[in-house]
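Notes to accompany the following structure.
From a predicted model like this one, the values you see are computed outputs, not experimental measurements. Every chain is numbered from 1 and lettered A, B, ... according to where its sequence line falls, protein lines coming before strand lines. Just so you know, these numbers use all the heavy atoms, side chains as well, and skip hydrogens, waters and symmetry mates.
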There are 4 protein chains.
Amino acid sequence: MSNGRKKGDHGARRLQIAEATCNVILKAGVERAGIADIAREMGCSTGVLMHYFESKAQMLLYAKNLLFDHVYAAVQAAGAEHSGLEMLHAMAMELVPVDPAAIDRWRVLTAFNGMAIGSPELQKAQASRNARFAKLFSSAIRRLQRAQILPSRLDPFVEGAGIVALVDGIAGQIVMDPRVWPVKRTGELIQRHLHTLLHAPR
Amino acid sequence: MSNGRKKGDHGARRLQIAEATCNVILKAGVERAGIADIAREMGCSTGVLMHYFESKAQMLLYAKNLLFDHVYAAVQAAGAEHSGLEMLHAMAMELVPVDPAAIDRWRVLTAFNGMAIGSPELQKAQASRNARFAKLFSSAIRRLQRAQILPSRLDPFVEGAGIVALVDGIAGQIVMDPRVWPVKRTGELIQRHLHTLLHAPR
Amino acid sequence: MSNGRKKGDHGARRLQIAEATCNVILKAGVERAGIADIAREMGCSTGVLMHYFESKAQMLLYAKNLLFDHVYAAVQAAGAEHSGLEMLHAMAMELVPVDPAAIDRWRVLTAFNGMAIGSPELQKAQASRNARFAKLFSSAIRRLQRAQILPSRLDPFVEGAGIVALVDGIAGQIVMDPRVWPVKRTGELIQRHLHTLLHAPR
Amino acid sequence: MSNGRKKGDHGARRLQIAEATCNVILKAGVERAGIADIAREMGCSTGVLMHYFESKAQMLLYAKNLLFDHVYAAVQAAGAEHSGLEMLHAMAMELVPVDPAAIDRWRVLTAFNGMAIGSPELQKAQASRNARFAKLFSSAIRRLQRAQILPSRLDPFVEGAGIVALVDGIAGQIVMDPRVWPVKRTGELIQRHLHTLLHAPR
DNA sequence: AATGAATGAGCGTTCATTCAT
DNA sequence: GATGAATGAACGCTCATTCAT
């Protein structure tokens with residue numbers, strides 16, 4: 001009877017709270033997501049939440065970072081599984097939301113994005129999020145340049161940021177109305193954008 | 001004839017309130033933009049705001065629509081002043097924020113975008129905003145197709161939505177950190193994206 | 001062309017305001033009867049009301065007194081037109097509300113009655129209202145005693161207050177649901193009560 | 001088993017709040033009875049009140065019903081302890097307020113009565129209150145008819161409503177000035193009214 | 001660890017009243 | 001006289017946070 005649990009419970013509980021937080025945000029929006037709602041969603045009392053997080057703000061931050069990390073890891077993994085220009089395509093397609101779960105994830109991130117306005121710290125955090133994704137793509141681009149698949153005159157970071165911009169833009173539309181961007185159409189647009197890298201003007 | 005107080009410049013006051021609203025949102029974020037803050041920003045009492053708007057929600061909506069209309073008209077005007085592929089480029093460059101005032105406009109719109117999550121009506125409104133911009137671009141594309149500048153096999157609406165996506169994506173990054181996208185760099189990326197329209201695969 | 005008006009307008013306007021006040025109270029209740037509502041009901045601005053009354057409280061008071069005086073005069077008139085026990089009956093039947101207009105009058109008075117709780121002055125005013133009606137009836141009773149129709153051992157004021165109590169009680173029920181007391185039934189009950197005066201125990 | 005805070009005496013707290021509510025209404029009137037005042041009266045914060053009631057309206061309703069139930073039960077009990085015509089007399093005397101506490105109860109009920117004007121629902125509730133009391137008396141009357149103490153030609157409900165009307169009318173005067181109706185005088189008037197039931201005309 | 005009652009500042013909104021026109 | 005914009009205190013209510021149990 002090794003009832004040797006107890007460790008790890010703490011983190012698991014935080015994850016559970018973050019998930020509940022996201023669900024509430026999806027249902028009611030960030031500003032109407034109160035801790036009472038989150039507690040109800042979890043089926044516990046509000047006091048519990050304050051045991052695991054110092055404040056509501058930190059709870060939200062944790063949830064956002066979790067979501068971000070999740071997407072980041074998925075994109076990174078997609079990059080590792082492909083090569084050539086295909087790598088960039090796979091990464092971009094992993095970033096763009098194509099199923100309901102991913103769309104919901106993006107919705108929550110969009111809510112946080114809006115929250116960042118008016119808060120220099122959150123704004124900086126979002127800028128850094130953008131930069132991290134741009135870097136992820138720029139690393140891939142640099143690899144393709146070294147493999148002489150992409151021309152060396154391209155600025156990897158700028159091109160990375162460009163791909164992220166296109167994907168974010170598409171996601172921003174999907175989040176409001178998923179019907180505009182069926183997967184096939186999305187894939188074609190991204191494909192075309194990536195091809196411009198091959199023959200970029202000097 | 002009628003004595004009594006002057007009519008009062010109802011519309012002008014609403015504009016003034018909308019401007020103050022945007023300023024407060026920029027400083028403090030949508031969720032911390034209380035009507036007391038807006039009143040303070042305007043240098044009047046909170047009661048005034050309720051004279052001109054039925055509720056805070058309508059005040060925000062009015063401010064958002066004003067901002068949207070402003071940008072929309074600018075893009076439309078830019079389209080009217082150019083021809084050829086240049087037209088699309090001019091429109092896109094008008095949409096992308098390149099000066100501090102435009103960046104602030106986009107910031108406020110980003111805040112509203114976040115607010116839409118969790119509210120089906122606002123979400124629908126944002127979807128319609130996206131569609132209207134896509135349409136603006138698709139009309140231009142159709143004109144270029146008729147002039148045989150762009151291949152007729154392109155779906156004008158999809159391409160329009162694609163341009164909007166790219167621009168929104170860039171704007172989304174500028175809003176958080178303007179240093180990533182100097183005007184020149186932005187212009188080149190958009191240029192390259194527009195050129196893909198010329199040789200789009202069948 | 002004697003346009004010699006101007007005098008009396010003041011009083012007429014106050015009457016008009018009092019009437020509008022009663023209408024609003026009937027529609028929305030005393031506590032939800034705002035100055036703005038009354039102004040709207042009259043088709044004028046709120047400022048007008050403050051020209052004719054020093055405060056909202058005085059406006060309400062004026063309206064209440066008007067209503068009271070109206071009913072008082074009607075009861076008094078009914079007494080003057082009859083003699084014998086019939087006089088008391090006619091007076092009581094004038095006090096009890098039997099048509100929609102009278103019911104509405106009573107409703108407003110009921111609202112004011114409730115308002116008096118918690119306000120010693122208004123409470124005193126209501127007590128005095130009750131006393132004035134009791135006196136009206138006790139005068140009649142005294143007259144009937146002098147005419148040896150009613151036994152002299154009756155205390156006229158107590159009996160007067162008793163008749164008022166019965167009528168007020170019936171009115172209080174009618175105000176909430178008029179179906180309980182059709183005129184005929186009301187008349188019979190009052191009749192019976194009045195007959196107890198004839199053979200009141202020593 | 002379950003750890004955590006004690007259950008808390010939910011019902012007791014509601015009673016306490018209702019009592020405080022009544023006290024405030026007596027001191028200041030229904031319309032000036034704010035939840036801040038009630039909280040001050042209770043010696044707690046306003047938030048507490050919202051823990052125990054969904055809204056101020058429900059708080060008032062609860063207080064009113066409590067008062068009503070209290071009086072209703074007392075009248076019912078008085079009926080059970082007597083027989084013959086004495087039963088009706090005892091019930092009526094229980095309903096009429098004869099001590100300061102009962103007068104205050106009636107005052108609060110009078111305030112609620114005024115509140116009902118302009119609100120169809122509350123008006124209906126008051127009508128139902130009247131009907132319930134009339135029924136209480138009509139049951140007693142029916143019992144006396146079966147015992148052949150009262151003539152069977154009387155309509156029990158009408159007579160019940162009549163007794164309630166008389167008592168309510170007396171109470172309405174006591175509420176504004178208790179000096180008018182000393183207990184003895186009240187008892188005699190009611191007695192006389194009840195005797196009319198014995199020899200009611202066909 | 002967990003509870004949920006309690007707090008109290010803050011919210012959007014209402015409204016009697018004032019006053020420049 | 002008349003207007004209605006402006007005021008600002010007060011309202012009912014919400015909610016993150018605290019804390020005794």
Side-chain angles (χ1 to χ4, degrees), chain A residues 6 9-10 13 31-39 42 44-60, chain B residues 1-10 13 31-39 42-60, chain C residues 6 9-10 13 31-40 44-60, chain D residues 1-10 13 31-39 42-60:
Chain A
K6 181 70 137 303
D9 267 5
H10 192 77
R13 208 82 156 114
E31 45 213 312
R32 270 145 296 160
I35 62 170
D37 304 290
I38 298 169
M42 289 215 5
C44 72
S45 72
T46 63
V48 174
L49 307 183
M50 305 307 284
H51 266 293
Y52 290 97
F53 291 97
E54 279 198 356
S55 71
K56 188 195 174 190
Q58 296 206 7
M59 240 168 75
L60 294 178
Chain B
M1 288 290 163
S2 81
N3 38 13
R5 188 196 189 79
K6 185 87 106 320
K7 180 60 203 297
D9 214 336
H10 195 79
R13 207 84 159 107
E31 45 212 316
R32 266 143 299 158
I35 65 169
D37 304 292
I38 299 170
M42 287 218 3
C44 71
S45 71
T46 64
V48 173
L49 307 183
M50 306 309 287
H51 268 293
Y52 291 96
F53 292 95
E54 282 201 350
S55 67
K56 187 196 173 190
Q58 294 204 10
M59 239 167 75
L60 295 179
Chain C
K6 182 71 137 300
D9 266 5
H10 191 77
R13 207 84 155 112
E31 45 213 311
R32 269 143 295 160
I35 282 219
D37 305 290
I38 298 168
R40 203 173 306 118
C44 72
S45 72
T46 63
V48 173
L49 307 183
M50 306 305 285
H51 266 294
Y52 291 96
F53 292 95
E54 279 198 356
S55 70
K56 188 195 173 190
Q58 296 206 8
M59 240 168 73
L60 294 178
Chain D
M1 290 288 162
S2 81
N3 40 13
R5 188 198 188 78
K6 185 87 105 322
K7 180 61 201 295
D9 214 336
H10 194 79
R13 208 81 159 109
E31 45 212 316
R32 265 143 299 160
I35 64 168
D37 304 292
I38 299 169
M42 289 217 1
C44 71
S45 71
T46 64
V48 173
L49 307 182
M50 305 310 286
H51 267 293
Y52 291 96
F53 292 96
E54 281 201 351
S55 68
K56 187 196 173 190
Q58 294 205 11
M59 239 166 74
L60 294 180

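Of the candidate nucleotides F/dG4, F/dA9, E/dG8, E/dG8 has the atom nearest to the side chain of D/Thr46. Taking the side chain of A/Tyr52 as heavy atoms from C-beta on, and the options F/dC13, E/dA1, E/dA6, the nearest nucleotide is E/dA1. When each of F/dT3, E/dG12, F/dG4 is scored by its nearest atom to the side-chain atoms of C/Val48, the top-ranked nucleotide is F/dT3. In this structure, the nucleotide among F/dG4, F/dC13, F/dG1 sitting nearest to the side chain of C/Ser45 is F/dG4. The side chain of A/Lys56 approaches F/dT17 more closely than any other nucleotide in the set F/dA2, F/dT17, E/dA2. With F/dT7, E/dT17, E/dT3 as the choices, the nucleotide that has an atom nearest any side-chain atom of A/Cys44 turns out to be E/dT3.
Between atom OG of residue B/Ser45 and atom NE2 of residue B/His51 there is a gap of 7.5 Å, rounded to the nearest 0.5 Å. Atom OG1 of B/Thr46 is separated from atom CG of B/Asp37 by 11.0 Å, given to the nearest 0.5 angstrom. Here A/Ile38 contributes atom CD1 and A/Phe53 contributes atom CZ; the two are 9.5 Å apart, rounded to the nearest 0.5 Å. Interatomic distance, C/Leu49 CG to C/Cys44 SG, rounded to the nearest 0.5 Å: 5.0 Å.
In this structure, B/Phe53 atom CZ and E/dT14 atom C1' are separated by 18 Å, rounded to whole Å. One can place CE of B/Met42 at 11 Å from C1' of F/dA6, the figure rounded to the nearest angstrom. The CD atom of D/Glu31 sits 15 Å away from the C1' atom of F/dA10 (whole-angstrom rounding). Rounded to whole Å, the distance from CD1 on B/Ile38 to P on E/dC11 is 11 Å. Residue A/Met50 contributes atom CE, which lies 15 Å from atom P of F/dC15 at whole-angstrom precision. For B/Asp9 and E/dT21, the CG to C1' distance is 15 Å, given to the nearest whole Å. Between the CG atom of A/Leu49 and the P atom of E/dG4 there is a distance of 13 Å, rounded to whole Å. Taking atom NE2 of residue D/His10 and atom C1' of nucleotide E/dG4, one finds them 12 Å apart after rounding to whole Å.
Between D/Ala33 and A/Arg32, the residue anchored closer to the 5' end of DNA chain F is D/Ala33, taking for each the nucleotide with the nearest heavy atom. Where A/Ile35 and C/Gly47 meet DNA chain F, the nucleotide closest to each residue was compared, and C/Gly47 sits on the side nearer the 5' end.
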Mind running side chain to side chain contact (heavy atoms under 4.5 Å, CB included) on C/Arg13 and C/Val48 for me, showing each step along the way?
CA-CA 10 Å; C/Arg13 207 84 155 112; C/Val48 173; 4.1 Å; yes

For side chain to side chain contact (heavy atoms under 4.5 Å, CB included), just list the numbers for A/Ile35 and A/Met50, CA-CA rounded to whole Å, side-chain angles, deciding distance to a tenth of an Å, and then say yes or no.
CA-CA 9 Å; A/Ile35 62 170; A/Met50 305 307 284; 3.7 Å; yes

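A donor-acceptor contact under 3.5 angstrom links the side-chain atoms of D/His51 to the base of E/dA6.
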Kindly express the pairing pattern of DNA chain F in dot-bracket notation, using | wherever a base pairs with another strand and counting only Watson-Crick or G-U pairs under 3.5 Å.
.||||||||||||||||||||

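Within the 4.0 angstrom heavy-atom criterion, only backbone atoms of the sugar-phosphate kind lie near D/Gly34; the bases stay farther away.
Looking only at distances, a side-chain donor or acceptor of A/Lys56 sits under 3.5 Å from a matching main-chain atom of A/Ala33.
Put simply, D/Arg13 has a side-chain N or O that comes within less than 4.0 Å of OP1 or OP2 on E/dA6.
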